[in-house]
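A quick write-up on the structure given underneath.
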There are 2 protein chains.
Amino acid sequence: MRIGELAERTGLSTKALRYYESIGVLPEPARTRSGYREYSTEVEDVVRFVRSAQAVGLTLGEIREIVAYRYRGEVPCAHVVDLIRRRATAIDEQIAALEQTRTELRRLERRARSLRPEDCAPTLVCHVIPRR
Amino acid sequence: MRIGELAERTGLSTKALRYYESIGVLPEPARTRSGYREYSTEVEDVVRFVRSAQAVGLTLGEIREIVAYRYRGEVPCAHVVDLIRRRATAIDEQIAALEQTRTELRRLERRARSLRPEDCAPTLVCHVIPRR
DNA sequence: GTAAGCCTTCCAGCGTGCTGTAAGGTCAAG
DNA sequence: CTTGACCTTACAGCACGCTGGAAGGCTTAC
């Protein structure tokens, strides 16, 4: 299978596939005599795994670690569970931060309704957003 | 006031201040005869405003628009309220996406406990993360 | 033989908000 | 007169996940 076909079957661009290879997420495939990449069918599973892992928020760096276990012939399960847990924690923190910002924004929006533009002092730039 | 003093008073780096100027967030200050930036005291309010606006999630691009009203002598209130509303909506969407990912991660974590590493087929890379 | 459509490599750039470094000018104190 | 602390510009690079383009080689059809 050449790179164009793999791209079509996985819904990725050839650019992305070559990029994954360059950062060690995909293994280096065999080459034809003229230098074309020649993929085995198994690599398709790896590519799909990469997409699935990205979909749950893992970075390509983390994914590279996971597939590295496979390339070494080891089972990555424990490492993956650890990554999942840490990602979940990170997302919890992100959500908390965003919720705080959202609360602040809603507060500002409410407050803005009671402010008159004429009262806005130029030195404050905008009195809708209060100085900390 | 020279740039170092402004940096100290606002808690920013001189690099950041020069960067803000370069992208039009801060106005070009007066210069001494030898080329040093000489700031008026009012610019400190602008810098503080930039920090406050960043704290509620506005980008420097959006902030530039807001201060542009001021530099034109207009009141930016209506525009700011609009920006705040749109930012709040964007944050709602971000939170929703993150919550979905988090739910999926928790689901994977629970599921992983019932899986045995020995059952993990190499072609799937890792059966903890299911194929889509 | 030549055109179309693949493939290759390498280098650059996107956006965001800066930071680092180099190479040089200025200013006050000793 | 020199030292050190400040200032200036300009260019590069960070993370992240790619995409685009240039310049060239391979393969197949006509």
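In what follows, every chain begins at residue 1, and chains take the letters A, B, ... in the order their sequences are listed.
Listed by first and then second residue, the ring-ring contact (aromatic ring centres under 6.0 Å, His included) pairs that reach into residues 71-115 of chain A are Y69(A)-H79(A), sequence neighbours excluded. Pairs of residues two or more places apart, or lying in two chains, never qualify as ring-ring contact (aromatic ring centres under 6.0 Å, His included) while including a residue from residues 6-42 of chain A.
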Interface polar pairs with nucleotides 20-24 of chain D, N/O, under 3.5 angstrom:
from	atom 1	to	atom 2	distance (Å)
dG20(D)	N7	K15(A)	NZ	3.1
dG20(D)	O6	K15(A)	NZ	3.2
dG21(D)	O6	K15(A)	NZ	2.3

Could you go over nucleotides 4-8 of chain D and give all protein N or O partners under 3.5 Å, atom names and distances?
from	atom 1	to	atom 2	distance (Å)
dC7(D)	OP1	G4(B)	N	2.8
dT8(D)	OP1	R37(B)	N	2.9
dT8(D)	OP1	R37(B)	NH1	2.9
dT8(D)	OP2	R18(B)	NH1	2.2
dT8(D)	O3'	R31(B)	NH1	3.4

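For R33(A), there are no side chain to side chain contact (heavy atoms under 4.5 Å, CB included) partners at least two apart in sequence or on another chain. By the side chain to side chain contact (heavy atoms under 4.5 Å, CB included) test, R18(A) pairs with I3(A), T14(A), R37(A), sequence neighbours left out. In this structure, R2(B) has no salt bridge (charged side-chain N to carboxylate O under 4.0 Å, His left out) partners at least two apart in sequence or on a different chain. For R72(B), the salt bridge (charged side-chain N to carboxylate O under 4.0 Å, His left out) test picks out E74(B), with sequence neighbours left out. Under the salt bridge (charged side-chain N to carboxylate O under 4.0 Å, His left out) criterion, E8(B) pairs with no residue, sequence neighbours left out. Scored by the salt bridge (charged side-chain N to carboxylate O under 4.0 Å, His left out) test, D92(B) finds R102(A), R106(A) as partners (sequence neighbours excluded).
Overall, the helix from dG1(C)-dC30(D) to dG30(C)-dC1(D) carries an axis bend of 50° between its ends, with five pairs at each end and the value rounded to 10°.
Contacts between residues 86-97 of chain A and DNA chain C, counted as heavy-atom distances below 4.0 Å, involve no residue at all.
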